[in-house]
Amino acid sequence: DDELELHVLFWICASSKNGVVSARCLCNLLNSWNKNGDLSPFQIIRFIDDQNILPEELKKFGIGCFNKKSDYMRDLVYKGLKLRTCSIDELESVKGISFKSSRCFILHTRPDQNYAGLDRHALSFLREKGHPIPKSLTEKNYKNLEQIFLSYVKNSNQSTSEFDLNNWN
């Protein structure tokens with residue numbers, strides 16, 4: 001469960017940011033507040049929030065858009081989602097978790113999922129294949145592009161998560 005909490009917090013931090021940098025910043029934040037290693041990521045965020053310094057701590061550790069992301073983290077950790085079984089819709093009910101983040105979380109934490117996290121790498125892949133990409137993604141055009149992306153996955157002999165990671169790399 002701790003890994004799932006870390007994973008979903010990562011997707012909040014990585015929104016519109018570099019994933020490698022976001023992961024490092026988030027881990028540095030959590031490790032600095034968990035000296036004994038006995039707290040879960042959500043417990044750490046709640047503890048920092050109880051001190052009324054969550055935005056300042058996010059900023060201190062290099063997590064951009066710290067005011068918004070502190071709101072998103074707060075909404076997430078108090079929502080009570082069951083991260084092992086929650087649905088896309090339940091994830092998207094959390095402030096700051098979008099189509100992409102919800103799908104990326106499920107895709108990379110559960111086996112045999114058939115979703116696409118349409119990040120800039122996936123969208124670039126689709127653009128290179130000749131598919132027009134709109135400037136902003138609505139639910140309708142996201143789901144349409146997701147199906148197109150998944151058609152490439154189906155022809156690749158890879159799982160969706162493998163295809164996604166190979167495309168990202």
For D38, is there any backbone N or O sitting under 3.5 Å from a side-chain donor or acceptor partner on N36?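 Not at all, since once roles are kept as given, no pair shorter than 3.5 Å links the two residues.
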
Are any side-chain N or O atoms of D75 and backbone N or O atoms of K95, one a donor and one an acceptor, separated by less than 3.5 Å?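 Confirmed, D75 side chain pairs with K95 backbone.
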
Answer yes or no: are there more than 12 heavy-atom neighbours, outside [X] itself, under 6.0 Å from its atom [atom1]?
| X | atom1 | value |
| --- | --- | --- |
| K154 | NZ | no |
| R110 | CZ | yes |
| N155 | CG | yes |
| F47 | CZ | no |

K60 vs E56, salt bridge (Lys or Arg N to Asp or Glu O under 4.0 Å): CA-CA, chis, key distance, verdict: CA-CA 6 Å; K60 176 177 153 184; E56 293 87 353; over 6 Å; no

Exercise: identify the closest heavy-atom pair between [X] and [Y]:
| X | Y | value |
| --- | --- | --- |
| N114 | L150 | O-CD1, 3.4 Å |
| P55 | R74 | CD-NH2, 4.1 Å |
| K69 | L58 | C-CD1, 3.9 Å |
| F149 | A116 | CD2-CB, 3.5 Å |

Closer than 4.0 angstrom, basic N to acidic O: yes or no for [X] and [Y]?
| X | Y | value |
| --- | --- | --- |
| K82 | E90 | no |
| K68 | D71 | no |
| E92 | R103 | yes |
| D1 | R84 | yes |

Could you give the distance from CD (E128) to CD1 (I133), rounded to the nearest 0.5 Å?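 That separation rounds to 10.5 Å.
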
Minimum side-chain heavy-atom gap F99-L118 below 4.5 Å: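 They are not in contact (no side-chain heavy atoms under 4.5 Å apart), so the answer is no.
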
Would you say L83 and T109 make side-chain contact, with heavy atoms under 4.5 Å?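 SC-SC contact between L83 and T109 ruled out.
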
Applying side chain to side chain contact (heavy atoms under 4.5 Å, CB included), run through Y72 and I97 and close with a yes or a no. CA-CA 8 Å; Y72 302 161; I97 295 185; over 6 Å; no

Ring pair (Phe, Tyr, Trp, His ring centres under 6.0 Å) evaluation trace for H131 with Y152: CA-CA 12 Å; H131 301 283; Y152 287 101; 5.8 Å; yes

Less than 6.0 angstrom separating the ring centers of F163 and F125, yes or no?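 Yes, the ring centres sit under 6.0 Å apart.
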
Using a distance-only test with no angle check, is there a side-chain donor-acceptor pair under 3.5 angstrom linking D164 and H121?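 No, no side-chain donor-acceptor contact under 3.5 Å.
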
Under the ring pair (Phe, Tyr, Trp, His ring centres under 6.0 Å) criterion, do F61 and F66 qualify, and how do the steps go? CA-CA 10 Å; F61 284 92; F66 49 87; over 10 Å; no

Identify all side-chain donor-acceptor contacts of residues 2-12 below 3.5 Å with residues at least two apart in sequence or on another chain.
unit_1: E5; atom_1: OE1; unit_2: S40; atom_2: OG; d: 2.9
unit_1: E5; atom_1: OE1; unit_2: F42; atom_2: N; d: 2.9
unit_1: H7; atom_1: NE2; unit_2: W11; atom_2: NE1; d: 3.1

For W33 and L39, what are the C-alpha separation, side-chain angles and deciding distance, and is it a side chain to side chain contact (heavy atoms under 4.5 Å, CB included)? CA-CA 9 Å; W33 282 87; L39 298 174; over 6 Å; no

